[in-house]
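Just below is one structure, and these are the notes that go with it.
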Protein chains: 2
Amino acid sequence: MSELESVIRRLEELDHRITPSRVAVIAAVLSHSGHFSVEDIIRQARAVGRATVFRTMRLLTDADVVCRVLLEDGSLHYRVSRRGHHHHLVCVSCGNVQDLDECVVGDLVRELAAATEYEIEGHWLEFYGRCSTCRSPVAVAARP
Amino acid sequence: MSELESVIRRLEELDHRITPSRVAVIAAVLSHSGHFSVEDIIRQARAVGRATVFRTMRLLTDADVVCRVLLEDGSLHYRVSRRGHHHHLVCVSCGNVQDLDECVVGDLVRELAAATEYEIEGHWLEFYGRCSTCRSPVAVAARP
DNA sequence: AGTATCAGTGAGACCTAGTATCATAACAAG
DNA sequence: CTTGTTATGATACTAGGTCTCACTGATACT
Ligand SMILES: [Mn+2]
Ligand SMILES: [Mn+2]
Ligand SMILES: [Zn+2]
Ligand SMILES: [Zn+2]
């Protein structure tokens with residue numbers, strides 16, 4: 001079963017209809033190995049209406065097919081999610097995104113809940129830095 | 001020395017000019033005990049131009065007079081910062097914001113840097129939950 | 001297969017949260 | 001008080017996204 005088929009099944013399980021527009025958006029999304037913006041998808045799936053692309057991105061986010069990546073400049077990108085809840089380490093120089101193996105604040109959430117009497121329901125966490133390639137002066141000089 | 005005067009001194013130290021517009025924005029900012037949006041300040045400081053309010057908010061952020069709070073719906077708010085780098089716990093029900101005592105991911109940042117060979121330069125972290133007041137059914141029923 | 005139902009679509013208006021431009025004003029150093 | 005530079009604000013513009021609503025078509029049911 002292709003990745004496309006498996007995303008389609010996921011949506012069917014959640015009682016969403018499978019339409020040509022949705023299939024086109026999903027195919028565009030799956031064509032990316034790194035992160036991408038909604039505008040990228042709009043450009044790739046020209047026949048699909050702007051509103052429908054946004055609606056489908058929300059659907060895919062809710063279905064955990066993609067995860068959202070907040071870039072340091074505040075812009076929101078997406079990437080295909082091949083695991084559950086996790087966080088990102090974004091290289092501010094080349095844009096490369098590293099998925100962190102697991103949620104690194106799980107313990108903290110429990111401690112905080114105890115200390116503050118809040119019931120903690122969610123969190124946003126992103127790390128920004130420079131990858132080893134981008135830190136190497138040679139690589140920096142050679143960058144396009 | 002009033003809080004207003006002390007913010008003015010801070011800007012002077014950083015070689016920024018003190019103008020009536022800036023004073024008006026600072027006064028509006030300091031009138032808030034919780035978090036507020038830029039639109040709130042624009043409404044309060046009617047005589048000040050829209051662009052100037054945004055410019056001044058950036059100035060105040062850079063000067064650590066305010067800190068930015070990312071709400072769960074993605075909207076950006078501000079609040080007066082009375083300490084250095086820290087994070088927030090936002091009640092998604094009443095909007096109350098709790099400042100966390102210190103940066104809770106300092107150790108994590110060092111571990112991650114070692115594990116990934118990234119040089120980590122920054123991070124975004126916000127927690128969302130429900131405060132004890134909002135979790136109490138009585139309080140919920142009584143809320144306006 | 002035919003049909004009914006309601007979820008989904010897309011053109012385009014609209015909106016929010018800002019940024020860019022640039023002629024004009026005014027702060028603060030000397 | 002002059003001067004050089006910084007700041008201002010009207011206004012136009014933009015990015016990113018939502019709303020509306022008549023229409024379409026996917027799916028379930030017969
Ligand atoms: Mn991810
Ligand atoms: Mn704070
Ligand atoms: Zn890099
Ligand atoms: Zn609360």
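Just the heavy atoms: all of them, side chains too, but no hydrogens, waters or symmetry mates, feed the values below. Lettering follows sequence order; numbering is per chain, from 1.
- Each end of the helix from C:dA1-D:dT30 to C:dG30-D:dC1 gets its own rotation axis from five pairs of C1' atoms, and the angle between them is 40° to the nearest 10 degrees.
- Under the salt bridge (charged side-chain N to carboxylate O under 4.0 Å, His left out) criterion, A:R82 pairs with A:E3, not counting sequence neighbours.
- Looking at A:D64 and A:R10, no side-chain N of the basic residue comes within less than 4.0 Å of a carboxylate O on the acidic one, giving no salt bridge.
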| said: Please determine whether ring-ring contact (aromatic ring centres under 6.0 Å, His included) holds for the pair A:H88 and B:H123, giving the CA-CA distance in whole Å, both sets of side-chain angles, and the decisive distance to 0.1 Å. | reply: CA-CA 10 Å; A:H88 300 126; B:H123 55 273; over 10 Å; no
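- Partners of B:E119 by salt bridge (charged side-chain N to carboxylate O under 4.0 Å, His left out), not counting sequence neighbours, listed by chain and number: A:R135.
- B:R55 is linked by a side chain to side chain contact (heavy atoms under 4.5 Å, CB included) to B:A51, B:T52, counting only residues two or more places apart in sequence or in another chain.
- Put simply, chain B comes within 4.0 Å of DNA chain C, heavy atom to any atom, from C:dA17 to C:dA28, going 5' to 3'.
- Atom CD of B:E102 has 12 or fewer neighbouring heavy atoms from other residues, nucleotides or ligands inside a 6.0 Å radius.
- Applying the salt bridge (charged side-chain N to carboxylate O under 4.0 Å, His left out) rule to pairs touching residues 105-117 of chain A yields A:D107-A:R110, sequence neighbours excluded.
- If you measure from atom CG of B:L76 to atom P of D:dG16, you get 16 Å, rounded to the nearest angstrom.
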| Heavy-atom protein contacts under 4.0 Å, nucleotides 18-30 of chain D, coded B base, S sugar-phosphate only, - none | BBB----BBS---
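- In terms of the side-chain hydrogen bond (donor to acceptor under 3.5 Å, both in side chains) criterion, B:T61 has no residue partners (sequence neighbours excluded).
- Under the salt bridge (charged side-chain N to carboxylate O under 4.0 Å, His left out) criterion, B:R43 pairs with B:D40, not counting sequence neighbours.
- Not counting sequence neighbours, the partners of B:E39 by the salt bridge (charged side-chain N to carboxylate O under 4.0 Å, His left out) test are B:R50.
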| request: Would you check, one step at a time, whether the test side chain to side chain contact (heavy atoms under 4.5 Å, CB included) holds for B:E12 with B:I18? | output: CA-CA 7 Å; B:E12 278 172 342; B:I18 305 308; 3.7 Å; yes
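- Screening residues 14-56 of chain A for ring-ring contact (aromatic ring centres under 6.0 Å, His included), with sequence neighbours left out, gives A:H32-A:F36, A:H35-A:H77.
- If you check residues 22-46 of chain B against DNA chain C, the residues with a heavy atom closer than 4.0 Å are B:E39, listed by number.
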